[in-house]
Every structure is written in structure tokens, then in C-alpha cells.
Amino acid sequence: MNSRFLAVILLLSPVAHADSLPGLPAGVEAKLARISQLQKDAAKALSDRMGAGGAPFTRAEWESLLGTGKAETTLTASEIQAIQKFHRGLIRFSKAQAAKASDIDLENLRKEPQSVQNFCRELPKGGMLHIHPWGTLHRPAVVKILEQVNPLIDLGKLKASLYGAGQPGSFFPGELDFLTPYGQLIKYSDLKAADQRKVQDLFFLPAGSQDFKRFMGTFTFVSALVFANHSVDPEPFMWDAFLHDAGGLGVSYVEVTTNVRNQAPWVQGLEDWEQRLETQHGVVIRLLAAFNRMMEPEKNRTFARQLVALPESPILVGANLLADETDHPMLEKGQTIFGTLLAARAKGQTDLRFAPHAGELGDARNPRDAMIMGAERLGHGVKLGADVVSLELARRQGLGVEANLESNLRLRAVSSMSKHPFLDYLRLGLKVSLSTDDEGMFNTDIHDECVHAVSETDISYAELKKLSYNSLDSSFADDGTKARLKDKLDRDFARFEDHWESE
């Protein structure tokens, strides 16, 4: 059997190879089956309660529904070790199979950093599923937007939004002091060139790792400036810059999480908007409705109802819960959204699918709770591995995981690239794909994410290729669009391999 045929088998059968390994003990299987059934029952109870407009579950009620602490759902230390041993075996087996199926030897590439750069630049990427539009701005786009918008900076108001009590994001003390000599109201065009450059610098996260509050401060600053001039719409500049760069790096599909306008004409105009941009840039766009976990749950329940009431659109395909998980757990902040949407799906009122941020930071139960609430993908999902039971259930489900390597390093979700769990998840059969999160703010792009994966892990070519196909397989695009994109990806990889196998 040649390596290319093996690669096809690997791509088409992400978890089938688990069957050749010794299974889990019967007692473990029985508990996993019971846990799985209780989670299904909890999802139904959540849908029923939220569909009827009921009060959210308390944590105690929720854990009781899940049988937490009961003998039938509590794994002993030896049972947990049995699952961990099974996972280690599966990871080793999958790694070995992928190495056999790899047509390109990445070890040779790793000896030459420039070769890795060239390889990742040309590698077909498929899609990116974890994108926030106003975090995509690289410096050329920032400069262009600031020149076009020419914002009037209200320094007092800006400082209040960044340093005031209870604000979700903040800058470090003194970061805005360079603007003080200009007074309280400052036109961007009136700044000295050096100070314009400093304003531009604040569109990007400072070097090194940062806490989430400083990261959120960057969004506060960006929003204050790009939307400061109501006579200039900055969105076209943002979309053109992002899609031009993504298409140039081999991306053919993006799912972007964005604020949805509660206006039927806006939704009805999405198809024409998407088609214009797809024609121009060659990148298919789908949108996820953004919910902010830092908002009051009842406000998000209202937004979920409004979302269901809007006209359906093939462009608006899902819902996402975002922002800082640290003090805003999935249960407490997600149930009024996803329970409401689950109830609407049960009634045939919506086809929206769910891909919330879960497991980036905060409560280790967030990935589990997101899965119970119907998540088909996890944004980040770093903490999924902290709960071996949820990891095993995610493996059996073939759950999607949107890995954002640079983001997770910069925001302290992982301590180093080598400790990022994405590759173990992939080898366990989860549908892991690479994305960039807020690529402009982090000074990264999908090429850099590939370089990190190749240079700082032992990923094989077949596994790298699998990431690209996973991005389409786990996307929320319709079947016809997926088939079209996969055909393109097949052709792109055939050309890519013809070139790189000869190197």
C-alpha cells in the first residue's frame, strides 16, 4: 500500500484506528455510558426550561442533573488511569500511522528554517473557523483606516473606558500619556508622525504574554477609533485587507464571529455582500452571531430570541459565545443563549449551530458544559484535556476544536507552544483545525500558525494536511459548499505535493 493511499485512509477515518487497540474496562464503559445519557438528559432539561422562559439552572441543580459525586458517574483513580493509558496508546498509534502516511518528510524541512517558511506559505490551508473581524487588522490596514476615518479622539472619554471601574478591558498606566499635550479633543491628522505611529501601535497587543484584561483593552481602543467618524464606514477596508491576506496564504473559507444586526434587511442582504467579496477574493465567508459572556444572561436570552426571529440566511450559520471565561463560566453565562437556541431547533425554528469559546481560560468544566449545550466545535478548548472523561466523550463525538496557537501563548492559556494540546487532540481523533483568532492584534497569520506547528512540535505532514481538511469537515457550511471547497483543496494539495515531493 503506497503512502498516498494510506494518507487518504487517515483523512477519511479519523477515529477508526482506535478499534485496533485494547478497549476500556467494562466498568469504565458502563460509567461513560451513564454519564453520556445524563448529559443528554440535562441538554433536554435545559432546552425545555429555556424554551419555556424558565429561570437558569443553578450550579448545584446542574451538577445534580449530571449525577456529579454519585457512584455511578464517579470514576476511581484507577479507572481514570485506564482512560489516560488508552489515550496515550491511541496517540502513539495515530502518530505512527500518520508518519507512515506522510509523503513529505518534515524532519528535513526543520533543519532549514527558511524551508519551513516557504513550505508553510505554500501549504493549502482550507479554512479558518475562529476569526474576530476587528482583530484581523495588520498595520497597513490600520494605517489606511485611520487615514480614511481620521478619528476625533476624546481623550477623557477614552481614558474612562479604559481605566474606569468595572471596565472589561484596560491599558497599562501611562500608555496614553503621549496624547496629553494635544488636549482633550484630538484629530488623528493633527498628531505628529511619531505620535500617529504610537496610536497605530496601540492596535496591537504589547510584546510578550499579557493578561486578558489588557487584551480586551485593545478592542476597546480599536472600537473607539475606527467607529469615531459616522460619515466613513471602515468595514470595507477591514474585509478587503483580511480576505486579500487570507486568500494569498491558501485560505478558501472563513467563519467569522461578528455582531448581528437585529434587522431583517441586513440579514437578507448578506448573500449579495458575501458573493461580492467571494468573487473579489476567492474566499467563501460564513458568519457566526457573537454573544458576549460578560453581558447579563437575560439580555443574551433576549438576543437569542431576536436571532431566531430574523430571516434565515445561508451566510449566517451559527452562534458563538466569546470574551473572558475567567469569571464568566459556560453554565452561568451560556445556558440562556444555547438553551433558548436548542429549544428553537427542537421546534424547527432555526438551523443555527454552536461553536462557543470554551476551555481557553477559567473553569475546567466549561468544555463539558459547552458540549452538553450542543457545541459541535470548541473555540480554543485548551482545558478540555484537564477532564479526561470529557476528552474521551469528545473523542467519541469527533468534536471540532479551533486551535489558535499564538493567541493561546500570548494570553497565557499555555506556557509554551510545545505544551499546547492541539496535537494530542488531533491524534485522538478530534477534528482539530488551525486558526488565528485576532491575527492582527497578535501579529500572526495562518502562515505563522503553520510555522509554529512544524517548528515547535513533532507534527507530521499527514497530520498537518488533516488540519486543513478538518477545517472544512467541521465547518458549518452547507454540503454543496463543502464539496466544492474539498474538491478545490484536493487539487491544491495535488499541486503542492507534486512540487514539494520533488524537493
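Only this structure's heavy atoms are used, side chains among them; waters, hydrogens and symmetry mates stay out. In this chain, residues are counted from 1 in sequence order.
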### Task
Please step through side chain to side chain contact (heavy atoms under 4.5 Å, CB included) for the pair Arg427 and Leu90, ending with a clear verdict.
CA-CA 7 Å; Arg427 290 168 176 169; Leu90 179 53; over 6 Å; no
### Task
List the steps and the verdict of side chain to side chain contact (heavy atoms under 4.5 Å, CB included) for Leu277 and Glu274.
CA-CA 5 Å; Leu277 288 175; Glu274 192 280 339; over 6 Å; no
### Task
Dump the intermediate steps for side chain to side chain contact (heavy atoms under 4.5 Å, CB included) on Tyr253 and Ile285, then the final yes or no.
CA-CA 6 Å; Tyr253 177 85; Ile285 309 163; over 6 Å; no
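Classification of the Phe496-Tyr461 ring pair by plane angle, with boundaries at 30° and 60°, yields parallel.
The existence of a salt bridge linking Lys144 and Glu147 is excluded, since no basic side-chain nitrogen approaches an acidic carboxylate oxygen closer than 4.0 Å. A salt bridge links Asp363 and Arg365; the closest N-O separation between the charged side-chain nitrogens and carboxylate oxygens is under 4.0 Å. Lys431 and Glu402 are not joined by a salt bridge, as no carboxylate oxygen comes within less than 4.0 angstrom of a charged side-chain nitrogen. Between Lys486 and Asp490, no side-chain nitrogen of the basic residue sits less than 4.0 Å from a carboxylate oxygen of the acidic one, so the salt-bridge criterion is not met. Salt-bridge annotation for Arg139 and Asp201: present, with a side-chain N of the basic residue lying under 4.0 Å from a carboxylate O of the acidic one.
In this structure, Phe242 has no ring-ring contact (aromatic ring centres under 6.0 Å, His included) partners at least two apart in sequence or on a different chain. Evaluation of the salt bridge (charged side-chain N to carboxylate O under 4.0 Å, His left out) rule for Glu278 yields Arg484 as partners, not counting sequence neighbours.
Checked against a 6.0 Å centroid threshold, the rings of Phe203 and Trp134 do not count as neighbours. Aromatic ring centres of Trp266 and Trp273 lie farther apart than the 6.0 Å criterion allows. In this structure, His380 has its ring center under 6.0 Å from that of His130. The six-membered or imidazole ring of Phe215 lies near that of Phe212, with a centre-to-centre distance under 6.0 Å. For His452 and His447, the ring centers are positioned 6.0 Å apart or more. Aromatic ring centres of Phe204 and Phe442: separated by at least 6.0 Å. Aromatic rings from Phe119 and Trp500 are positioned such that their centres are separated by under 6.0 Å.
Under a cut-off of 6.0 angstrom, the local environment of NZ in Lys419 is sparse, with at most 12 non-hydrogen atoms contributed by other residues, nucleotides or ligands.
Here the side chains of Glu439 and Asp448 are not in contact, with every heavy-atom distance at 4.5 Å or above.
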